[in-house]
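Per chain, numbering begins at 1; letters A, B, ... match sequence-line order.
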Amino acid sequence: MEKKEKKGIQLLRLFLTFLKIGAFTFGGGYAMIAIIEHEIVEKKHWVSKEDLLDIIAIAESTPGPIAINSATYVGFKVGGVFGSVAATLGVVLPSLVIVFLISLIFDRFLAFKYVGYAFRGIQACVVYLILSAGIKMLKAVEKNPFNITIVCLAVALTVAFSLFAVSFSSIYLILLAGVAGLVAHYVGKNAKNATQQEDKK
Amino acid sequence: MILLKLFFTFFKIGLFTFGGGYAMIPLISDAVVSNGWLSEEQFLNIIAVAESTPGPVAINVATFVGSTQGGIVGSVCATLGVVLPSFIVILIIASLLKNFLKYRGVQGFMKGVRPCVAGLIVAAGIKIGLSTLFSVTTFGGGFSVNYIGLIIFAVVAATAYFYKRISDKKISPILLIVISAALGIVICTLGERIGVV
């Protein structure tokens, strides 16, 4: 009985901690990692710093928002399947409520002349934000012929498809690139093995 | 029907986005435009809202699009859709595949995906930039220059650049949004006075 109660309290704690993380991080993703580190590693000692680094690496190699991936992972580590549900719900709920409320009044808000003007400025700013996010990610990509080919193809194909009004989902490009990566990985490995074997001879 | 469509569209987006945050923008832009859910302008407005409200950008965009298409149930469906794939995948990894990162197949696959996602985000920026700043949507479809947008884009880019040079820190996107909103109000009001806008 006592154990059950303890578990309930722990789930509630997980939920509230991630609710706080969801409610107070702007920009998502990596902004959230810093807060998770502060709350979960330093204050609550739920997971170790090495665990957190693992979580980030896994979050980057799995689909979905990084915040959700880390909440699910930490929740599972601390409280099993129920823990992961509590943590994920906690991190999602603030956005869901706040953005839903904004969406109700947004169009009326936009009808005010000066708000409309403000958003004409903001639209230009968002174009910059998207471009700079992409460029920042490009800078983090190691410069080798394989990566440069993939980047150029992805940019050229996407822009060309859009200009010529061909509908082609980016999902296929991502999958094709993943397959190309797999092939390159194994071909590269075999080539290395072959040269090593030749060296032995 | 629209609810199911919202759920599955965002489920697909959640399933195929690697890297989170802005990596989702090319896919969301594909989906909302091809379904006719939003205009490009509305899409940019929503990203600005998502960026200025707490929480992951992907969740915010899903909630907003869901709400405009199907009210409160729509926003829950879209959000659930975008969250579920990561939730399921991470649960499987955390419980069964503890050595997930050590599989060579995963490493190989991600080697191809990472540069592709970076390229896709840049391409989304170029696409949206062409249509917002130059009204170019298709080849040969004509163009007109949005001078106000271009000026604000240039000021924002310069501000971000000099902020980084001087303080060695990245400027907060929210601050950039506030600056661009103020510029929008000032320039459009001035333009209206002299009869350009």
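Residue A/Q123 holds its CD atom at 4.5 Å from CD of B/E41, rounded to the nearest 0.5 Å.
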- request: Carefully, step by step, assess B/I47 and A/L129 under the rule side chain to side chain contact (heavy atoms under 4.5 Å, CB included).
  value: CA-CA 10 Å; B/I47 295 174; A/L129 290 178; 6.0 Å; no
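The minimum heavy-atom distance between B/V117 and A/M137, with the atom names listed, is CG1-CE, 3.6 Å. Of all the heavy atoms in A/L131 and B/V122, the pair that sits closest is CD2-O, 3.8 Å. Taking every heavy atom of both residues into account, A/P63 and B/F16 meet most closely at CB-N, 4.3 Å. Taking every heavy atom of both residues into account, A/V127 and B/G125 meet most closely at CG1-O, 4.1 Å. In terms of heavy atoms, A/V91 sits closest to B/P56 at O-CD, 4.5 Å. For the pair A/V99 and B/N60, the tightest heavy-atom approach, listed with the atom from each and the gap, is CG1-O, 3.4 Å.
Contacts of B/S75 with chain A are made by both backbone and side-chain atoms, with heavy-atom separations under 4.5 Å. Looking at A/V85, both its backbone and its side chain come within 4.5 Å of chain B, counting heavy atoms on both sides. Both the backbone and the side chain of A/L175 come within contact range of chain B, judged by heavy atoms closer than 4.5 Å. Looking at B/L183, there are no atoms closer than 4.5 Å to chain A (heavy atoms on both sides), in backbone or side chain. Of the two parts of B/D30, only the side chain, counted from C-beta on, holds a non-hydrogen atom closer than 4.5 Å to a non-hydrogen atom of chain A. For chain B, no part of A/K139 is nearby; none of its heavy atoms comes within less than 4.5 Å. B/I13 does not touch chain A: none of its heavy atoms, backbone or side chain, sits under 4.5 Å away.
When the candidates B/A78, B/G119, B/P85 are compared by the number of heavy-atom contacts under 4.5 Å with chain A, B/G119 comes out ahead.
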